[in-house]
Structures are given as C-alpha cells and as structure tokens.
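Note that the structure is a prediction, hence the values are computed from the model and not measured.
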Amino acid sequence: MTRHARNCTAGAVYTYHEKKKDARSSGYGTESQRIGKDSVKDFDCCCLTLQPCKDPVVTHDGFLYDKEAILEYILTKKREISRQLKEHEKQKRKEEDELAELAAAEKRSKIENFLKTEKNILTNGPSTSSDSSSISNMSNGREKKLPSFWLPSQAPDAKLEKVKKPDQKVYCMMSGKPLRMKDLIDVKFKLANDPSDKNHILTKKERYVCAVTSDVLSNSTPVAVIKTTGDVVTMECVEKIIKKDWIHPLTGEKLTEKDIIPLQRGGTGYASTNVHLDAKKERPVLQA
C-alpha cells in the first residue's frame, strides 16, 4: 500500500496522522492532556472544599479535611441513610400487608367456591352466567388499579423498584473506608513567621513550616502528622530524628510507627508525586 505526505489530499490512503488531525479538529476521539499545578490541590487544603483549612483534621489514611465541612458531610450522609432506611421499612411493611391480603383473598375464594358447589348440589341447576369470570378490566376490583400506557412506572409490565437496605456506615470519599467522627485527628500547623511578608495567610505561598526543623512545607515536601499531638513535620524529620529513639521531639513522649500518619498531598507541575496528572476526555470516535 502506498503512502503519501502529511498534507497531501489527492492520495487514496487515509493515514494515521490525517485521522488524528481530523479527529482533533472535528471533536472526535479521546483527548489526553497533562494537567498543571493550578489544577492540583495543595497539601493544606480540604479534600471537600479544596480551600485552605481553618480547623484542619486528618483521617488515619492521611486525608486532610476542614472540621466543619467533614462533620456536615457525615451528618448529611447519616440523614440520607436514615431516610433510605425508613423507605426500606415502609416497603417491607407494604409487602407483608400485600402477602396477608393475598392469603385472605385466597381463603375467601376457597370459601366462595365451596358455597357455590354446595348450592349447585342442592339446586341441581346449571351455573348462571354471572359465575363466569368477566374479561372486563373494570370488574373484580380491577378498576382501582388501572394501568397507564403513558407513564412508564404505571405500564402493565412495569415492576416496582425495590429499595435495598442501606449500609449504615459513612465512608470517606477519598479512601472509601468507613469514616467516624471519633477517628478524626486534630492537626496543628506551625505558621511561617516572616516579618517582611505582610500578606494574608491565604495569599502566601509559604504558609507553614515543620514543627521541629522549621523547614518550609509545600506539595513537593513529603510531610506527616504526629497522631498524639497533631504536629506536622517533614518525612525527613521523621526518618532522621523521630525514628532514632521513637520519642516525640517536642513533648518527649514515646511514639510508635502507627503514630506517624503520612499526609496525602497533591502533585507538582513537573512530576507525579502521589496523584495522577494525566486527564482524559472521551468523545465520539471518528471511524474511517
């Protein structure tokens, strides 16, 4: 098969380059793009509001939240679970009532058939036309539950959607693990005191420093939270100072490996630290 140049339009071959070029210009195909630093959450921002935390708390998996935002999220989820639970119980009671009604109707039908049989034996006469079942959709109580062909939920073949019993646990939207209020740990950031910088704390690029070494904290610096006190330190401080004797440098109390919670942070604009920086947008496919 012959090939031709990229911008040639007189050839009979539709090359891969032309296909990709036409897909980009026409809006078809999957588009990939590397997102920049501005699209990545800072290490000291809430995972819900994406804003710097006023009252920060951290989970055992290292995800940072604003206390007000995460408590409101937990309460909202609990209200939703309570509502779904009430709907499930209501549906369960309705099903039980329907089963009891069917059993009572079957019992009445047996009694009526028995009485009709006894009556036929006594009279020795043929059954009247009223005994035969009517094909009308308005008889035998069917007028109370007529189907609607215009509403999908009331069509003759429509079935009621069952409400499943909800899981009564609230899950963290980042880790997918159960989340409880008592598992949230208060975090204490140490402010970077720079007398020459008169800007507000939210507009500063270097807002916080390590509680022990006073190194500046940023997305490119791995940091950890000490569970017992909530102090934020760099991972370098953990490796070189804390892990030597497993003693808190500020309070002198004994620590264990479980007391060190690595803080989940966003990526930088140059390399992937612990997040995926490649974004893909799927669009309709252009087929030749």
Side-chain angles (χ1 to χ4, degrees), residues 35 37-81 166-190 207-213 215-243 246-251 253-279:
I35 60 178
K37 183 181 178 182
D38 294 337
S39 301
V40 180
K41 181 184 77 69
D42 287 335
F43 75 98
D44 60 335
C45 290
C46 173
C47 293
L48 276 172
T49 63
L50 305 181
Q51 298 297 322
C53 296
K54 296 179 182 178
D55 190 4
V57 292
V58 69
T59 64
H60 290 289
D61 298 304
F63 292 103
L64 195 72
Y65 293 101
D66 199 339
K67 197 169 190 177
E68 182 180 355
I70 192 61
L71 291 182
E72 185 177 352
Y73 167 79
I74 293 175
L75 291 175
T76 302
K77 284 292 183 182
K78 285 187 174 181
R79 290 194 202 102
E80 180 67 17
I81 291 170
D167 190 352
Q168 299 187 30
K169 294 180 181 178
V170 178
Y171 293 91
C172 175
M173 71 291 298
M174 301 299 295
S175 64
K177 296 181 179 179
L179 182 65
R180 298 179 297 179
M181 292 184 184
K182 63 180 183 180
D183 294 335
L184 299 174
I185 302 162
D186 292 329
V187 177
K188 294 188 295 185
F189 283 108
K190 184 180 179 181
R207 292 193 281 263
Y208 304 111
V209 296
C210 174
V212 178
T213 62
D215 292 335
V216 177
L217 306 180
S218 65
N219 270 13
S220 58
T221 307
V223 296
V225 178
I226 301 177
K227 182 178 177 181
T228 54
T229 59
D231 293 309
V232 181
V233 296
T234 61
M235 289 301 294
E236 186 179 5
C237 172
V238 173
E239 296 293 335
K240 294 184 177 180
I241 300 176
I242 296 178
K243 283 190 176 182
W246 287 108
I247 294 177
H248 197 300
L250 302 177
T251 62
E253 61 181 327
K254 278 285 184 179
L255 297 175
T256 62
E257 195 168 354
K258 292 182 179 179
D259 294 329
I260 306 298
I261 303 175
L263 193 64
Q264 302 291 336
R265 54 201 171 94
T268 62
Y270 302 96
S272 177
T273 53
N274 54 2
V275 295
H276 298 289
L277 297 178
D278 294 330

When rounded to the nearest 0.5 angstrom, what is the spacing between [atom1] in [X] and [atom2] in [Y]?
X      : Y      : atom1 : atom2 : result
His60  : Lys227 : NE2   : NZ    : 4.5 Å
Leu217 : Phe43  : CG    : CZ    : 4.5 Å
Cys210 : Ile241 : SG    : CD1   : 7.5 Å
Ile261 : Gln264 : CD1   : CD    : 11.0 Å
Leu263 : Thr234 : CG    : OG1   : 12.5 Å
Glu257 : Leu255 : CD    : CG    : 11.5 Å

Less than 4.5 Å apart, any side-chain heavy atom of [X] and any of [Y]?
X      : Y      : answer
Ile242 : Ile226 : yes
Val57  : Ile70  : yes
Thr59  : Met174 : no
Met173 : Phe63  : no
Lys77  : Ile74  : no
Asp259 : Trp246 : no
Glu236 : Thr221 : no

(request) Tell me, with the steps shown, if Leu64 and Val187 meet side chain to side chain contact (heavy atoms under 4.5 Å, CB included). (result) CA-CA 9 Å; Leu64 195 72; Val187 177; 4.0 Å; yes
For residues [X] and [Y], report the shortest heavy-atom separation together with the two atoms involved.
X      : Y      : answer
Lys41  : Cys47  : CE-SG, 3.9 Å
Val233 : Val238 : CG2-CG2, 3.7 Å
Lys188 : Asp231 : CE-OD1, 3.6 Å
Cys237 : Val212 : SG-CB, 3.7 Å
Asp186 : Lys67  : OD1-NZ, 3.6 Å
Tyr171 : Tyr73  : O-OH, 3.0 Å

(message) Looking at Cys53, is its backbone amide N or carbonyl O close enough to the side chain of Asp66 to form a donor-acceptor pair, meaning the two atoms are under 3.5 Å apart?
(response) no
(request) Please say whether more than 12 non-hydrogen atoms of neighbouring residues, nucleotides or ligands are located less than 6.0 Å from NZ in Lys190. (result) yes
(message) Could you check whether atom CD of Glu72 has more than 12 heavy atoms from other residues, nucleotides or ligands sitting under 6.0 Å from it?
(response) no
(message) Let's go through Lys243 and Ile260 carefully: what are the C-alpha distance in whole Å and the side-chain angles of both, what is the deciding distance for side chain to side chain contact (heavy atoms under 4.5 Å, CB included) to 0.1 Å, and is it a yes or a no?
(response) CA-CA 10 Å; Lys243 283 190 176 182; Ile260 306 298; 6.0 Å; no
(message) Is a donor from one side chain sitting under 3.5 angstrom from an acceptor on the other, for His248 and Thr228?
(response) no
(request) Kindly state each residue pair satisfying side-chain hydrogen bond (donor to acceptor under 3.5 Å, both in side chains) with at least one member in residues 43-56, sequence neighbours excluded. (result) Asp44-Arg207
(request) State which residues pass side chain to side chain donor-acceptor pair (under 3.5 Å) with Lys177; sequence neighbours excluded, sorted by chain then number. (result) Asp61
